[in-house]
**Q** 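Next up is a structure, given as structure tokens.
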Amino acid sequence: MELLKSKPKNFRVRICTMESDMEFSCEVKWKGKDLFDLVCRTLGLRETWFFGLQYNIKDTVAWLKMEKRVLDQEVPQEEPITLHFLAKFYPENAEEELVQDITQHLFFLQVKMKILEEEIHCPPEASVLLASYAVHAKYGDYDPNVHKTGFLAEEELLPKRVINLYQMTAEMWEERITACYAEHRGRTRDEAEMEYLKIAQDLDMYGVNYFLIRNKKGTDLLLGVDALGLHIYEPDNRLTPKCSFPWNEIRNISYSDKEFTIKPLDKKTNVFKFNSSRLRVNKLILQLCIGNHDLFMRRRRVDSLEVQQMKAQAREERARKQVERQRLQREKQLREEAERARDDLERRLIQLQDEAHMANEALLRSEQTADLLAEKAQIAEEEAKLLAQKAAEAETEMQRIKVTAIRGQEERQLMEQKMLEAEMLALKMAKESERRAKEAEQLRQDLQEARESERRAKHKLLEITSCLHPFSPGMLPDSMPPDLSFSRENLSFDFKDTDMKRLSMEIEKEKVEYMEKSKHLQEQLNELKTEIESLKMKERETPLDIIHNQNTEQGTNIHKWKYYK
């Protein structure tokens, strides 16, 4: 206070709201209400009954009293004095009670902060849904082209307790929040904030101020003060109250020194008393009880003229905003349709340009192809002429080959005919040779018989001669048969050696002639075989042909040894 006394005319105050900070120069005589009204006018806030100016004092908080001078209160001894503009009382139903958008926005920011700092317990599934509305309030409608993966990386959207409760990465949380966020399309910022508050007001710790107290038995308890009444909790359970006292069932609340007394409206119900160890806390409890009770009763009465005017203005403003939003929506829709039409036209133009470009390229390629085809046609024509020439030459050559083939055929036929004739001649000669051989054999047999007859005749003659030897030739007996001398003459005539020699010579001569003829025939056959060997088609040889060839190669001939037996 010494610092403030050195500046008796003015002092500076820093007001910290949930959105920004403001500094004011205040007169020394200003009461709390003067400063509070200045802040509300600056913010454009008319629903002032929900708010207050809070400051820290030692280990607790206090609210600036409206009817008392600012410098006379236990505000921080600093320059500028720091005060927090916060919601002191919470509505039962935010959608029905909050009229101004600024009121709704300030509540949204404060409730969001309390949830993130875990002053209000929020289940994980509700945390994700609330986070999606908070994202929508900040970024507007979801646009996948703008809101790409990672756009929430720097945002604080979930309580740390919820994040630590699951083995999920930041990307996984972002994916789930974005999925909910995408479903909120078409809402305004105010509507998203109101949806946030409608969900948050159903949380168990929403709008509850907790204070440590003791009952008559000295048991530690928690007192909860909210818009609906007073609640008594176990110290370790701030969600489920042991008992509750609605404002409409409370007849009186009072405290004396450190003891609080709650008197129910029903006189048969026992009075509830509890103790709080600090005077400042008792004053704060009393303030909150009075303020919440007044608002509770006020909600159940007809609205004041000011509130009615505010609600009428708010309805008109909402209607105007709705009309404006619909107009903007229509304009947006028309603009989007125009943009889509433009995009379609641009795409069509690009497509046509691409088609034209492709057509030009196709035309160029077709021209090049035509030139190439013309060149190929010319080359093909020249090749055709060359092929025709070659075909003519081939035809000529084929005719020549045909003639040659015919000629060769004729020659082959002639050779085959000669060979056939030679074979027939050989067969004939073989037969003749066989006949001559038979004749020679017969002659040899006849010769053998003749020689045998001669030998016998000689032997007989010798016998006869020996018998006649004592007689002279002239002294033959007259009694000898006349035919004896005839026989002797016949014997000497039939078996002369000269005749036998002549016969042998003839046989030998014929044998030599046959051998010469056979040799000549064999040479002729070999010559013919050599001439036709090149035209022989071995695949058409019969088994007999093969045997014949083998015999020829081995030199085997059935006629070769006939005259050597």
**Q** Okay, side chain of S256, backbone of E259: is any donor-acceptor separation there less than 3.5 Å?
**A**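 Here the side-chain-to-backbone pair does not exist.
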**Q** For the residue pair T60 and I57, establish whether any side-chain heavy-atom pair is separated by less than 4.5 Å.
**A**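 Result yes, sub-4.5 Å side-chain heavy-atom pair found.
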**Q** Do any pairs count as a side chain to side chain donor-acceptor pair (under 3.5 Å) and have a residue in residues 286-296, sequence neighbours left out, and if so which ones?
**A**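 The answer is K88-Q287.
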**Q** CE of M113: more than 12 outside heavy atoms within 6.0 angstrom?
**A**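 Yes, CE of M113 has more than 12 neighbouring heavy atoms, counting only those of other groups under 6.0 Å.
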**Q** More than 12 heavy atoms of other residues, nucleotides or ligands under 6.0 Å from CD of E95: is that the case?
**A**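 At most 12 heavy atoms, drawn from other residues, nucleotides or ligands, come within 6.0 Å of this atom.
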**Q** To the closest 0.5 Å, what do you measure between NZ (K273) and OG1 (T261)?
**A**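 Rounded to the nearest 0.5 Å, the NZ-OG1 separation comes to 4.5 Å.
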**Q** Which value, rounded to the nearest 0.5 Å, describes the distance between M310 atom CE and Q313 atom CD?
**A**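 Going from CE on M310 over to CD on Q313, the span is 8.0 Å.
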**Q** Kindly write out the residues that satisfy salt bridge (charged side-chain N to carboxylate O under 4.0 Å, His left out) with E317, not counting sequence neighbours, or none if the list is empty.
**A**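 R320.
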**Q** If I take atom CD1 from residue I15 and atom SG from residue C26, how far apart are they, to the nearest 0.5 angstrom?
**A**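 With rounding to 0.5 Å, CD1 (I15) is 7.0 Å from SG (C26).
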**Q** Filter on salt bridge (Lys or Arg N to Asp or Glu O under 4.0 Å), then keep only pairs touching residues 348-363, sequence neighbours left out; what's left?
**A**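 Listed by first then second residue: E361-R365.
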**Q** Could you note down all residue pairs passing salt bridge (Lys or Arg N to Asp or Glu O under 4.0 Å) where residues 218-228 supplies at least one of them, sequence neighbours left out?
**A**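 Only R214-D220 qualify under salt bridge (Lys or Arg N to Asp or Glu O under 4.0 Å).
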**Q** I'd like to know if the side chain of Q110 and the backbone of L86 have a donor-acceptor N/O pair within less than 3.5 Å.
**A**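 The answer is no, because no donor-acceptor pair under 3.5 Å joins these two groups.
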**Q** Just jot down the salt bridge (charged side-chain N to carboxylate O under 4.0 Å, His left out) partners of E234, sequence neighbours excluded, or say none.
**A**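 By the salt bridge (charged side-chain N to carboxylate O under 4.0 Å, His left out) rule, E234 matches K242.
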**Q** Mind checking the CZ-OH spacing from F151 to Y139? Nearest 0.5 Å is all I need.
**A**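 That separation rounds to 6.5 Å.
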**Q** Flag the pair D34 / K29 as yes when at least one side-chain heavy-atom distance between them is below 4.5 Å, and no otherwise.
**A**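 Of all side-chain heavy-atom pairs linking K29 with D34, none is under 4.5 Å.
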**Q** Quick test of your reading: applying salt bridge (Lys or Arg N to Asp or Glu O under 4.0 Å), list the pairs with at least one residue in residues 133-146, sequence neighbours left out, ordered by first then second residue.
**A**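 Pairs touching residues 133-146 that pass the test: K138-E155, D141-K332.
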**Q** Quick one: ring pair (Phe, Tyr, Trp, His ring centres under 6.0 Å) partners of F260, sequence neighbours excluded?
**A**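 F260 satisfies ring pair (Phe, Tyr, Trp, His ring centres under 6.0 Å) with Y255, F274 once adjacent residues are dropped.
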**Q** Hey, does the Lys NZ or Arg CZ of R300 hover above the aromatic six-ring of F296, less than 6.0 Å from the centre and inside 45° of the axis?
**A**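 Yes, a cation-pi geometry holds between R300 and F296.
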**Q** Indicate yes or no: at least one non-hydrogen side-chain atom of L197 is less than 4.5 angstrom from one of L98.
**A**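 Of all side-chain heavy-atom pairs linking L98 with L197, at least one is under 4.5 Å.
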**Q** Keeping to residues at least two apart or across chains, list the salt bridge (Lys or Arg N to Asp or Glu O under 4.0 Å) pairs with something in residues 35-56.
**A**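 Output for this query lists K33-D37.
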**Q** Measure across A137 and A192 and return the closest heavy-atom pair with its distance rounded to 0.1 Å.
**A**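 For A137 versus A192, the nearest heavy atoms are N-CB, 4.0 Å.
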**Q** For L230, which of C289, S244, P241 qualifies under side chain to side chain contact (heavy atoms under 4.5 Å, CB included)?
**A**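 Answer after filtering C289, S244, P241: C289.
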**Q** Among pairs that include at least one residue of residues 53-89, which meet ring-ring contact (aromatic ring centres under 6.0 Å, His included), considering only residues two or more places apart or in two chains?
**A**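 Passing the test, one end in residues 53-89: F36-F85, F51-F85.
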**Q** Please evaluate residues L129 and E125 with respect to the criterion side chain to side chain contact (heavy atoms under 4.5 Å, CB included), reporting the C-alpha separation (whole Å), side-chain torsions for both, the decisive distance (0.1 Å), and the verdict.
**A** CA-CA 6 Å; L129 184 58; E125 62 278 7; over 6 Å; no
**Q** Tell me whether R299 is salt-bridged to E97, with the criterion being a basic N under 4.0 Å from an acidic carboxylate O.
**A**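 The answer is yes: the pair qualifies as a salt bridge.
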**Q** Below 4.5 Å, heavy atoms only, C-beta onward: do D204 and H121 meet side chain to side chain?
**A**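 Not in contact.
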**Q** Go through the structure and list residues passing salt bridge (charged side-chain N to carboxylate O under 4.0 Å, His left out) with E171, not counting sequence neighbours.
**A**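 With neighbours one apart ignored, the set is empty.
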**Q** Nearest 0.5 angstrom please: F50 CZ to L295 CG, how far?
**A**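 The distance works out to 6.0 Å.
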**Q** Any side-chain heavy atom of T42 within less than 4.5 Å of one from M22?
**A**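 In contact.
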**Q** Can you check side chain to side chain contact (heavy atoms under 4.5 Å, CB included) on L71 and I81, steps first, answer last?
**A** CA-CA 10 Å; L71 296 181; I81 300 171; 4.0 Å; yes
**Q** Are L372 and E375 close enough that some pair of their side-chain heavy atoms sits under 4.5 Å apart?
**A**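 Side-chain contact under 4.5 Å: yes.
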**Q** Identify the two heavy atoms, one from G150 and one from E174, that lie closest to each other, and give their separation to 0.1 Å.
**A**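 Looking at all heavy atoms of both residues, the closest pair is N-OE2, 2.6 Å.
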**Q** Quick check: do E92 and L228 have side-chain heavy atoms less than 4.5 Å from each other?
**A**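 In contact.
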**Q** Using the ring-ring contact (aromatic ring centres under 6.0 Å, His included) rule, pick out the option among Y90, Y196, F107 that qualifies with Y206.
**A**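 Of all the options given, the one that passes is Y90.
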**Q** Work out which heavy atom in A94 is nearest to a heavy atom in M194; give both atom names and the distance.
**A**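 Nearest pair, atom of A94 first, then M194: O-CE, 3.7 Å.
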**Q** Are any non-hydrogen side-chain atoms of R301 and R298 less than 4.5 angstrom apart?
**A**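 Yes, at least one pair of side-chain atoms sits under 4.5 Å.
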**Q** Using salt bridge (charged side-chain N to carboxylate O under 4.0 Å, His left out) as the criterion, list what pairs up with R187, not counting sequence neighbours.
**A**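 Here the qualifying residues are E195.
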**Q** Is the distance between the ring centroids of W173 and Y166 under 6.0 Å?
**A**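 Yes, the ring centres sit under 6.0 Å apart.
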**Q** Testing the basics here: between P264 and V271, what is the closest heavy-atom pair and its distance to 0.1 Å?
**A**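 Residues P264 and V271, closest heavy atoms: CD-CA, 4.2 Å.
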**Q** Not counting sequence neighbours, list each pair that qualifies as a side chain to side chain donor-acceptor pair (under 3.5 Å) and has a residue in residues 15-26.
**A**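 Matches after skipping sequence neighbours: R12-E23, R14-E23, E19-H105.
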**Q** Do you know which two heavy atoms are closest between L222 and Y210, and how far apart they sit?
**A**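 In this case the closest contact between L222 and Y210 is CD1-CD2, 4.5 Å.
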**Q** What distance do R176 atom CZ and S132 atom OG have between them, rounded to the nearest 0.5 Å?
**A**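 The CZ atom of R176 sits 13.5 Å away from the OG atom of S132.
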